[in-house]
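Every number for a ligand or one of its atoms is a count from 1 in the order of the listing.
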Amino acid sequence: MSNIRRVIVAVSGGVDSAVAALFLKQKGYDVVGVFMENWDLRDETGFCSVVQDAEDAQWVCSRLDIPFHRVSFVKEYWHDVFCNLLKEYQNGYTPNPDILCNRQIKFDAFYKYALDKLDANAIATGHYACTTFGDFLENYDPSEGVRLLKSLDHFKDQTFFLSQVAQIPLQRTMFPLGNLVKNQVRQIASESGMDYIVRKKESTGICFIGSRNFRNFISLYLVDKQGYFRDIDNGRVVGEHSGIHQWTVGQRCRIGGQIRPYFVARKEPKSGDIFVASGTNHPSLFVQLFFAARPHWIHSVPQPLLQEGMFECDFRFQHTKPLLKCVLIITTNNEVLIRLVRPLRAITPGQDKSDVADCCVCHVDMGKAMKEFSPLYVCMGLDQIRRPVESASRLQNVSSVVETRSDEQSRKLI
Ligand SMILES: Nc1ncnc2c1ncn2[C@@H]1O[C@H](COP(=O)(O)OP(=O)(O)OP(=O)(O)O)[C@@H](O)[C@H]1O
């Protein structure tokens, strides 16, 4: 895109967006930094770093000598992200808040604000991701459509969290850090006099809500609803709980008086029952075959899926987990059936205390014909994949597809 003049960069007060803004400035764009406030402090019960982050974002912008804006998307976050999460939790699902936040806030509310109110030609963020349009939209071609690609830094890659982003905002998004590794970014920030930001603790946890225990946090907003723990093998009541939203499939339950540990196998929102399985390796804790409804293809439905109705790809449980082979099959009602090469347990024991809603990812390998970009990602809330085909239940939530750079291509780049 040759006529880009004005770029609005989302500046969080962290090192990544600071370096993204620095690059844009060095390239000579008319750069404006925007800090988003998405959570109303008055709703908080615990520590919130938003005040400090906003100050740091302002510090970055003044250091780079670019205008700074602070914008509130509190209303949008509440309605489009948080209420959605609450609803899903009440229905027994575990959606990923970061994926929702990217889709609804950064790549919708913020995108519209930048283009409509700040007269921008493009937006930029410090995400580790790439697109086929290039780090600075140098290959911009709306007739081709844009594909989301994995970043060079596989460890930091954030495409998993961007997998629900819509095509139009992505077409006008720059990811200036996509071809760098994190250490380079930190070094560049230090060399540019932004050591203060480099030394700052990395943000962890959920987008805008921070690193508190997410399930405890969400419980503050949901009314407890008592129900039973039932043994999945015989339906026998083995304990009581105070709400299905407090439990995630695969999680260990501490039920008094039981010798063997129980794990959540299935939740039934209607009755409020939670079916639990005795022992961490109980077969009901594993899933191999499941449906995903309403796939979101960032660019287009992969050709083999359209033409042959199925194709082989890789599946990943959380974005840092190893890939597992799977087959995608398109069904007559436009759902995607996913069959893993072997059963996968919902959560490994080490993750039982995970605060964040888990997701799984399906990496689609297009084979030789499309070596350059292998389409990626079916991702959905953990509980969605817990619906095996045998139970004939359909997933309610969305899955989504982005594309990734093949490992081979990335190696060449390194
Ligand atoms: N409150 C915010 N205001 C403006 N932009 C934000 C905010 N939070 C995140 N972003 C944007 O989203 C990008 C990804 O944020 P995330 O918190 O996932 O990653 P990060 O690696 O911690 O980024 P950073 O180092 O810039 O904080 C940031 O680089 C920034 O561009």
Is there any N or O on [X] that sits under 3.5 Å from an N or O of ligand 1?
X	result
G126	yes
N38	no
A124	no
S12	yes

Which of the atoms of ligand 1 are close to [X], meaning less than 4.0 Å from one of its heavy atoms?
X	value
T125	31 (O)
V34	4 (C)
F35	1 (N), 3 (N), 4 (C)

No-hydrogen, no-angle side-chain donor-acceptor test under 3.5 Å, N183 and Q187: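 There is no such pair between these side chains.
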Identified side-chain contact (heavy atoms from CB on, under 4.5 Å) partner of M36 from the options D53, V74, I105: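 Exactly one option meets the side-chain contact (heavy atoms from CB on, under 4.5 Å) with M36, and it is I105.
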For H127 and A129, indicate whether the former's side chain and the latter's backbone hold a donor-acceptor pair under 3.5 Å.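 Side chain of H127 to backbone of A129: no pair is present.
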For the side chain of S192 and the backbone of M194, is there at least one donor-acceptor N/O pair under 3.5 Å apart?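 A pair under 3.5 Å: no.
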Under 4.0 Å, heavy-atom basis, I'd like to know which part of V11 is in contact with ligand 1: side chain, backbone, both or neither.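 The answer is the backbone.
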With heavy atoms under 4.0 Å as the rule, classify the contact between E37 and ligand 1 as side chain, backbone, both or neither.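 Near ligand 1, E37 shows nothing, with every heavy atom at 4.0 Å or more.
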Proximity of F229 and W247 rings by center, below 6.0 Å: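 Yes.
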Give the ring-plane orientation class for F107 versus F175, where under 30° counts as parallel, over 60° as perpendicular and anything between as tilted.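 Rings of F107 and F175: tilted, as their planes differ by 30° to 60°.
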Passes side chain to side chain contact (heavy atoms under 4.5 Å, CB included), Q90 versus H245? Steps please. CA-CA 6 Å; Q90 270 170 323; H245 58 276; 5.5 Å; no
